[in-house]
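Here the structure is laid out as structure tokens; the discussion comes afterwards.
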Amino acid sequence: MKDIILKLEENYFLSDEEFRLLIEDESEEILNFLNKRAEAVRKKVYGNAVYIRGLIEFTNYCKNDCYYCGIRKSNSQAERYRLTAEQILDCCETGYALGFRTFVLQGGEDGFFTDEKMVEIIKQIKNAYPDCALTLSIGERSYDSYKAFFDAGADRYLLRHETADCAHYSRLHPSNLSLENRMKCLYDLKKIGFQVGCGFMVGSPYQTTESIISDLKFIKELSPHMVGIGPFVPHNATPFKNFEQGSLNLTLKLLSIIRLMLPNVLLPATTALGTIDSMGREKGILAGANVVMPNLSPRDVRKKYLLYDNKICTGDEAAECILCMKNRMKSIGYEIVTNRGDHKKNITRSNIDYGRKSESNTECQ
Ligand code: 5AD
Ligand code: FES
């Protein structure tokens, strides 16, 4: 098994069979070895720096009904809210003072925030904080909408693909949502020039080793700047309320595999990982992750943006959260840095030239 790990480190990829063996292996010793190799690669590229992204959860309205998600439209228990442009700018102000230089605007797919409204908000933020990177995470939109957001100044876009296995995708989502469109969105975003992030949940219902292998192949093909993975955590008011949460060890294993596949990638130790284990984010960093995304949302709305149960940090002010995070990182020998943390290859808006790569993976039979 160690040979397979060294092969992954050397070739940045494995055969399906080798991936299967590695994913299904249950030895702690092998997991530790893999985590250590990934941490070494991460250290070579990023040293002991951990990048922070300030997450602003600006709306929990959503027109979608994904079976796993706590803010799905059918959850009538969710108390809905939207931040005003002014409130969003206040969050940025707080975040800026705390050292954040990347803001992530995340929300459900909320028709209230039309392209025009989003463009206005993007321009206001970029105008007030020209030295900051702005990331959007607002789901599926048209090519033209994405283009308008990019032209308004947005730099990055996070859209988890959720699973690269068609059959699995349709067990996680209602039939109006398709993997094909999801992937089209990701390629559109890339073509426009966004730094793109994809990702998936570990241990989501009906996930198999095969679906994880599809995820790894898709990630390799898309070659995104960022990959967000975290354990599935059930939410009590969703159809998946009785499913088990994803495993800590499998999440740590996949973080390491992704680090070895894409040494430069931005890889967050997610809030979901911190939710299933009180040291989850620290363990994630030690397995090769290099980003954390503390919450900058106003305290009174945090308990309303619940994608899953028992979410951490919902009672803390941004300042408390960042201090806590700094201490946590320090305790494992890492240090939070406050620059934009652009990709190591020095990618800037002007020198990106993405062609749309092979679309073979986007075909759903
Ligand atoms: N458990 C873990 N992650 C979830 N997400 C949504 N619901 C859950 C859940 N129950 C993730 C999805 C989405 C991201 C914003 O949060 O992957 O893309
Ligand atoms: Fe948010 Fe500790 S990181 S309170």
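One-based numbering, in listed order, for ligands and for the atoms of each. Any value given below was found using the heavy atoms of this structure, including those in side chains, with hydrogens, waters and symmetry copies removed.
In this structure, CZ on Arg299 lies 12.0 Å from SG on Cys313, to the nearest 0.5 angstrom. The structure places CD of Glu335 at 12.0 Å from CE of Met329, a figure rounded to the nearest 0.5 Å.
Of the protein's non-hydrogen atoms, Glu162 OE1, 2.7 Å is the one closest to atom 17 (O) of ligand 1. The protein heavy-atom contact nearest to atom 7 (N) of ligand 1 is Tyr68 CD1, 3.3 Å. When only non-hydrogen protein atoms are considered, atom 16 (O) of ligand 1 lies nearest to Leu307 CD1, 3.4 Å.
Other residues, nucleotides and ligands contribute over 12 non-hydrogen atoms within 6.0 Å of the NZ atom of Lys43.
The shortest N or O to N or O distance between Tyr308 and ligand 1 is not under 3.5 Å. Distances between N or O atoms of Val233 and those of ligand 1 include at least one value under 3.5 Å.
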| query | Under the side-chain contact (heavy atoms from CB on, under 4.5 Å) criterion, do Leu34 and Leu260 qualify, and how do the steps go? | reply | CA-CA 9 Å; Leu34 173 63; Leu260 293 181; 3.7 Å; yes

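When each atom of ligand 1 is checked for a heavy atom of Arg160 under 4.0 Å away, the hits are 11 (C), 12 (C), 17 (O), 18 (O). Counting the atoms of ligand 1 from 1 in the order shown, those under 4.0 Å from a heavy atom of Phe232 are 1 (N), 2 (C), 10 (N).
Evaluated by nearest non-hydrogen atom to atom 8 (C) of ligand 1, the leading choice among Met201, Arg72, His235, Lys241 is Met201. One option in Ala272, Pro231, Pro234, Gly203 has a heavy atom closer to atom 2 (C) of ligand 1 than any other, and that option is Pro231.
For the pair Glu9 and Lys2, the salt-bridge criterion is not met [side-chain N within less than 4.0 Å of a carboxylate O].
At a heavy-atom cutoff of 4.0 Å, ligand 1 is contacted by no atom of Ser137, backbone or side chain.
The residue from Phe232, Tyr68, Tyr206, Tyr308 that alone fulfils the ring-ring contact (aromatic ring centres under 6.0 Å, His included) condition with Phe243 is Tyr206. Tested against Phe194 for a ring-ring contact (aromatic ring centres under 6.0 Å, His included), the candidates Tyr187, Tyr143, Phe149, Tyr157 yield a single pass: Tyr157. Of the options Lys311, Arg82, Lys303, a salt bridge (charged side-chain N to carboxylate O under 4.0 Å, His left out) to Glu57 is made by Lys311 and by none of the others.
In this structure, Gly246 falls outside the shell of residues with a heavy atom less than 4.0 angstrom from ligand 1.
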